[in-house]
> 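Sending over a structure as structure tokens; questions will come in a sec.
Quick note on labels: first sequence line is chain A, next is B, and so on, each numbered from 1.
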Amino acid sequence: MSVRVRFAPSPTGHLHIGGARTALYNWLFARREQGVFILRIEDTDTERSTQEYTQSILDGMSWLGLTWDEGPFHQMERMPIYREHVDRLLAEGKAYRCTCSPERLEEVRKAALAAGRKPTYDRKCRNEERLPAGSAAGRTKNEERNFCIRFAAPLTGTTVVHDMIRGEIAVDNKELDDLIILRSDGTPTYNFTVVVDDVTMQISHVIRGDDHLNNTPRQILLYQALGYPAPIFAHLPMILGADKQRLSKRHGATSVIAYRDAGYLPGALLNYLARLGWSHGDQEIFTMDEMTRLFRLEDVGKAPAVFDPEKLKWVNSEHLKKYTDDQLVDLARPFFEKQGLAIVDRGYTARALHSERERGKTLDELAAITAFYLRDAVTFDEAAVTKWLTAEKKGLLKEIAERLGQVSDLSDLTLKPILEELQKQHNLKLVDIAQPIRVALTGTTVSPGIFEVMAILGKERVLTRLARALQ
RNA sequence: GCUCCCAUCGUCUAGCGGCCUAGGACGUAGCCCUCUCAAGGCUAAAACACGGGUUCGAUUCCCGUUGGGAGCGCCA
């Protein structure tokens, strides 16, 4: 059997961390099994679905590099298919019209809850005499729209889910109620469309979050009613916030795009996400290639995982190490631009980034700490100036400037003797001489080695900055 | 409330009955390196939720308890 999997987000928000991992696992599984990865937009919630979110999800997927082989399909464009299936169930007596009002439903739920039962539908309309079936789904003309269509679920027996991650899960059919498959406005509902779509798209494996685990038995009932074989299921554990609650906006950035804008590499985000729930021995860092080769659904754990931004950062820094200085220039460019800095000298920028690359864990951080190289005027940190640019130190800097003016170029070779000599002469520690220079050149007390900074800046910039700091 | 799922260091996890004195990673702390900050190296603290079984032997298997998560929508 050929492997066909799908990622089916609903466009009611941006692509978030949890969705991205689900998409990744589907993608990895498809790649490894040489199957097909399908993207399906579940937009039957016309109230909340928007075109913007759809685009945002597509953008997120593209940025991550999770390319799809088929789609994107939109459920709103597949209405005839759903209606056809509803009609079939209706004709076979496996679905029925329900004229209960939302108000009555609410009362029934409340009463059930009060009696200690599940807040399910009491099957009133199913038990009353059947209304003329007709083509409820395809009703068009002057027909009233004050009814919806419910699935007539089996009253007895048990339904068992075969899950690649959870094993077998048996649920008593008594726990399942007659879910609505077609709303009174004629649109189908999730549990129905997902089944019809997965069948008609010939999905072989349904890999999704385990918030859908409870829905699975009802869906299996629908497969059976429709006379289709059910796909193989694999329910992934949830991703939680630091408070062990389901990850939400309250936990900070949850949209994939936010991570792109914060300077994370798509490969790093995916690497981190992959390790949330999946592992391969002690390995932490994976290339996409390694992941597609190594990923197995059998190695996915069952327990929910807490999203740890700190570890993500570390993973990102590890991935950052794999790029050359030259590649870093292009990666960091948008983040320099965000600060209003344009890259005029590519080689210079590459050398600047080289000196800082161990210090920034995201591209945003990296660009921020490298910015002083590209800025014309140094931005001074007040505390640093107060501590290190005292009158006494300024005298020292003046002396340094004079000596530097006499050398042809700045390098370890020319710089070291000069500073060491001054250090001895004034009976100072190297730190007492390095810090004033550092503040004068970078504006802060933190930077790469001072010799390196000076060599990269070059004689002209160094002297200019020194002069300016002395004012 | 009912049903389902889950349970190893703070966090991500390895472990699939003896190899466990429970391993790795992030983070934390200390030391080394050192012109600052990182990076790097070394070291340390840190976990099998609890109680019953099964077994010669349980982190590993079973049951219960507790804790957490999810579902119970004319949302997906």
Side-chain angles (χ1 to χ4, degrees), chain A residues 8-13 42-45 47-49 75 98 100-102 105-106 109 112-121 147-150 161 163 165-166 169-172 174-177 179-191 193-194 209-218 235 237-238 240 242 244-246 272 275-285 301-315 317 321 356-361 369 384 388 419 423 429-435 437-439 442 444-451 453:
Chain A
S10 74
T12 54
E42 310 219 320
D43 54 0
T44 53
D45 181 357
E47 295 277 305
R48 300 191 301 146
S49 297
Q75 292 189 317
C98 173
C100 293
S101 65
L105 260 23
E106 188 51 39
R109 269 195 287 269
L113 226 34
R117 285 178 288 114
K118 278 189 174 189
T120 53
Y121 179 54
F147 64 89
C148 61
I149 306 297
R150 281 183 188 273
V161 180
D163 192 283
I165 295 172
R166 316 268 152 179
I169 299 153
V171 175
D172 202 318
K174 281 199 273 291
E175 300 296 335
L176 280 13
D177 74 343
L179 74 178
I180 290 171
I181 56 176
L182 197 76
R183 301 185 184 93
S184 46
D185 69 357
T187 58
T189 57
Y190 167 73
N191 280 112
T193 58
V194 75
D210 77 5
D211 45 337
H212 290 290
L213 192 54
N214 288 296
N215 286 324
T216 309
R218 331 167 188 284
H235 286 92
M238 298 273 84
L240 276 22
K244 304 265 184 170
Q245 294 294 303
R246 192 176 176 165
Y272 175 72
R275 281 286 288 100
L276 231 41
W278 171 80
S279 63
H280 178 74
D282 286 340
Q283 190 171 347
E284 296 284 353
I285 303 300
K302 302 178 191 180
V306 174
F307 182 80
D308 181 5
E310 283 305 316
K311 186 158 184 183
L312 200 213
K313 241 184 183 193
W314 173 78
V315 172
S317 72
K321 289 177 184 170
E356 291 281 14
R357 58 180 307 160
E358 295 295 348
R359 265 160 275 255
K361 293 191 174 183
I369 57 181
W388 295 104
L419 296 190
Q423 185 193 336
K429 282 188 275 189
L430 187 51
V431 63
D432 294 313
I433 194 161
Q435 284 302 70
I437 300 176
R438 178 169 281 119
V439 175
T442 72
T444 72
T445 56
V446 175
S447 86
I450 199 61
F451 296 109
V453 170

> Rounded to whole angstrom, note down the P distance from B:C48 over to B:C32.
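Each nucleotide's P atom is 33 Å from the other's.
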> Would you mind checking if A:Glu310 and A:Lys313 are paired as a salt bridge, meaning a charged N to carboxylate O distance below 4.0 Å?
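No salt bridge links A:Lys313 with A:Glu310.
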> Give a yes or no on whether the backbone of A:Ile285 and the side-chain of A:Arg275 come within a donor-acceptor separation of less than 3.5 Å.
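Not a single qualifying donor-acceptor pair exists.
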> Nearest to the side chain of A:Arg275, which nucleotide is it out of B:C26, B:G24, B:C35?
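My answer, after comparing the listed nucleotides, is B:G24.
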> When you measure from the side-chain N and O atoms of A:Lys244 to the phosphate of B:C12, is any distance below 4.0 Å, counting only OP1 and OP2?
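So the side chain of A:Lys244 is outside the cut-off, no N or O lying under 4.0 Å from OP1 or OP2 of B:C12.
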> Any idea which of B:A76, B:C4, B:G40 is nearest the A:Thr44 side chain?
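Output: B:A76.
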> Out of B:G71, B:C35, B:G73, which has the shortest distance to the side chain of A:Arg218?
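Of all the options, the side chain of A:Arg218 is nearest to B:G71.
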> If you check every side-chain atom of A:Asp308, which of B:C6, B:C26, B:U36 has the closest atom?
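So the side chain of A:Asp308 is nearest to B:C26.
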> Under 4.0 angstrom, heavy atoms only, what part of the nucleic acid is A:Pro119 near: base, sugar-phosphate, or nothing?
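Base, at least one base atom sits under 4.0 Å.
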> Taking the basic N atoms (NZ, or NE/NH1/NH2) and the acidic carboxylate oxygens, is any pair closer than 4.0 Å for A:Asp177 and A:Lys118?
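No, this pair does not count.
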> Can you tell me whether the side chain of A:Gln283 and the base of B:G24 have a donor-acceptor pair closer than 3.5 Å?
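No, no donor-acceptor pair under 3.5 Å.
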> Take atom OH of A:Tyr121 and atom P of B:C74, then tell me their distance rounded to the nearest Å.
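In whole Å, B:C74 P lies 11 Å from A:Tyr121 OH.
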> Confirm from the modelled atom types if A:Arg117 and B:C2 form a donor-acceptor pair under 3.5 Å, side chain to base only.
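Flag unset: no donor-acceptor pair detected.
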> Do A:Asn215 and B:A76 have a side chain to base donor-acceptor pair shorter than 3.5 Å?
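It does, because a donor-acceptor pair links the side chain of A:Asn215 to the base of B:A76 below 3.5 Å.
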> Taking the C1' atom in each of B:A7 and B:C50, what is the distance between them to the nearest angstrom?
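Pairwise C1' distance, B:A7 against B:C50, rounds to 12 Å.
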> Select base, sugar-phosphate, or nothing to describe what A:Leu276 touches, counting heavy atoms under 4.0 Å on all strands.
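Sugar-phosphate: the residue A:Leu276, judged by heavy atoms under 4.0 Å, touches backbone atoms but no base.
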> Looking at the side chain of A:Arg166, which of B:A39, B:C6, B:U36 is the nearest nucleotide?
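For A:Arg166, the side-chain atoms sit closest to B:C6.
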> Categorize A:Arg438 for me: base, sugar-phosphate, or nothing, with a 4.0 angstrom heavy-atom threshold over every strand shown.
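Contact class for A:Arg438: base.
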> Please measure how far the C1' atom in B:C16 lies from the corresponding atom in B:A22, and state the result in whole Å.
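The same atom, C1', in both gives a distance of 15 Å.
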> Could you check A:Ile165 against A:Asn214 and say which one's nearest nucleotide on RNA chain B is further toward the 5' end?
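Comparing both residues, the 5'-ward one is A:Ile165.
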> So what does A:Leu213 hit on the nucleic acid, given a heavy-atom distance under 4.0 Å: a base, only sugar-phosphate, or nothing?
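The answer is sugar-phosphate, as A:Leu213 gets under 4.0 Å only of primed atoms, P, OP1 or OP2.
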> Students often get this wrong, so: under 4.0 angstrom with heavy atoms, is A:Glu175 touching a base, only sugar-phosphate, or nothing?
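The residue A:Glu175 makes sugar-phosphate contact but no base contact.
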> Do any side-chain nitrogens or oxygens of A:Lys321 fall under 4.0 Å of OP1 or OP2 in B:G40?
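Answer yes for this pair, as a side-chain N or O of A:Lys321 is under 4.0 Å from OP1 or OP2.
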> Think A:Lys311 has a side-chain N or O under 4.0 angstrom from the OP1 or OP2 of B:U11?
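For B:U11, neither OP1 nor OP2 has a side-chain N or O of A:Lys311 closer than 4.0 Å.
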> Please work out if A:Asp43 contacts a base, only the sugar-phosphate, or nothing of the nucleic acid, heavy-atom cut-off 4.0 Å.
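A:Asp43: no heavy atom of the nucleic acid under 4.0 Å.
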> Give me the distance, rounded to whole Å, that separates B:U65 from B:C2 when you measure between the P atoms they each carry.
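That atom pair is separated by 12 Å.
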> Using a cut-off of 4.0 Å on non-hydrogen atoms, how would the nucleic acid contact of A:Ser447 be classed: base, sugar-phosphate, or nothing?
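Result for A:Ser447 = base.
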> Nearest to the side chain of A:Ile169 - B:U11, B:C5, B:C6?
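Within the option list, the nearest is B:C5.
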> Looking at B:C74, I'd like to know if its phosphate oxygens (OP1 or OP2) sit under 4.0 Å from a side-chain N or O belonging to A:Ser184.
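A:Ser184 to B:C74 OP1/OP2: no side-chain N or O under 4.0 Å.
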> Just how far is it from atom NZ of A:Lys311 to atom CG of A:Leu276, taken to the nearest 0.5 Å?
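Rounded to the nearest 0.5 Å, the NZ-CG separation comes out at 9.0 Å.
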> Which part of the nucleic acid, if any, lies within reach of A:Phe307 when heavy atoms closer than 4.0 Å are counted: base, sugar-phosphate only, or nothing?
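Counting heavy atoms under 4.0 Å across all strands, no contact is made by A:Phe307.
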> What's A:Gly116 touching, base or sugar-phosphate or nothing? Going by heavy atoms closer than 4.0 Å.
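Since only primed, P, OP1 and OP2 atoms lie under 4.0 Å of A:Gly116, the category is sugar-phosphate.
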> May I ask you to evaluate whether A:Arg109 reaches the phosphate of B:G73, defined as a side-chain N or O under 4.0 Å from OP1 or OP2?
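Answer yes for this pair, as a side-chain N or O of A:Arg109 is under 4.0 Å from OP1 or OP2.
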> Between A:Arg246 and B:G71, is there a side-chain N or O to OP1/OP2 distance below 4.0 Å?
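For B:G71, OP1/OP2 do have a side-chain N/O of A:Arg246 under 4.0 Å.
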> Just to be sure I understand the rule, does A:Lys361 reach a base, reach only the sugar-phosphate, or reach nothing, if contact means heavy atoms closer than 4.0 Å?
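Counting heavy atoms under 4.0 Å across all strands, the contact made by A:Lys361 is with sugar-phosphate only.
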> Base, sugar-phosphate, or nothing: which does A:His212 touch, judged by heavy atoms less than 4.0 Å apart?
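Base, at least one base heavy atom under 4.0 Å.
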> Ignoring the backbone of A:Pro102, work out which of B:G27, B:A76, B:C74 is nearest its side chain.
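So the nucleotide nearest the side chain must be B:C74.
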> Is A:Lys302 touching bases, backbone alone, or none of the nucleic acid, heavy atoms closer than 4.0 Å?
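A:Lys302: backbone/sugar contact only, no base atoms under 4.0 Å.
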> Applying side-chain hydrogen bond (donor to acceptor under 3.5 Å, both in side chains), run through A:Thr189 and A:Asn191 and close with a yes or a no.
CA-CA 6 Å; A:Thr189 57; A:Asn191 280 112; over 6 Å; no
> Closest approach to the side chain of A:Tyr190, judged atom by atom: which nucleotide of B:C5, B:A76, B:C12 is it?
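Nearest to the side-chain atoms of A:Tyr190, counting from C-beta on, is B:A76.
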> So which nucleotide from B:A76, B:C72, B:U36 ends up closest to the side chain of A:Asp45?
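Within the option list, the nearest is B:A76.
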> In whole angstrom, give the distance that lies between atom CD of A:Gln245 and atom P of B:G68.
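Distance check: A:Gln245 CD to B:G68 P gives 9 Å.
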> If you pin A:Ala170 and A:Gly277 to their nearest nucleotides in RNA chain B, which one's is more 5'?
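The answer here is A:Ala170.
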> Are the side chain of A:Arg357 and the backbone of A:Gly360 linked by a donor-acceptor contact shorter than 3.5 Å?
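No; zero donor-acceptor contacts below 3.5 Å.
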> Please name all residues satisfying ring pair (Phe, Tyr, Trp, His ring centres under 6.0 Å) with A:Tyr121, sequence neighbours left out, ordered by chain then number.
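Partners of A:Tyr121 by the ring pair (Phe, Tyr, Trp, His ring centres under 6.0 Å) criterion come out as none, since no residue qualifies.
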> When you get a sec, tell me which of B:U13, B:A76, B:U3 is the closest nucleotide to the side chain of A:Ala305?
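Ranking B:U13, B:A76, B:U3 by closest atom to the A:Ala305 side chain puts B:U13 first.
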> What nucleic acid atoms does A:Gly301 come within less than 4.0 Å of, heavy atoms only: base, sugar-phosphate, or nothing?
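If one applies the 4.0 Å heavy-atom cut-off, A:Gly301 turns out to touch nothing in the nucleic acid.
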> How long is the line joining CG of A:Leu312 and P of B:C26, in whole Å?
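About 14 Å, once rounded to whole Å.
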> Base, sugar-phosphate, or nothing: which does A:Pro217 touch, judged by heavy atoms less than 4.0 Å apart?
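Nothing, no heavy atom under 4.0 Å.
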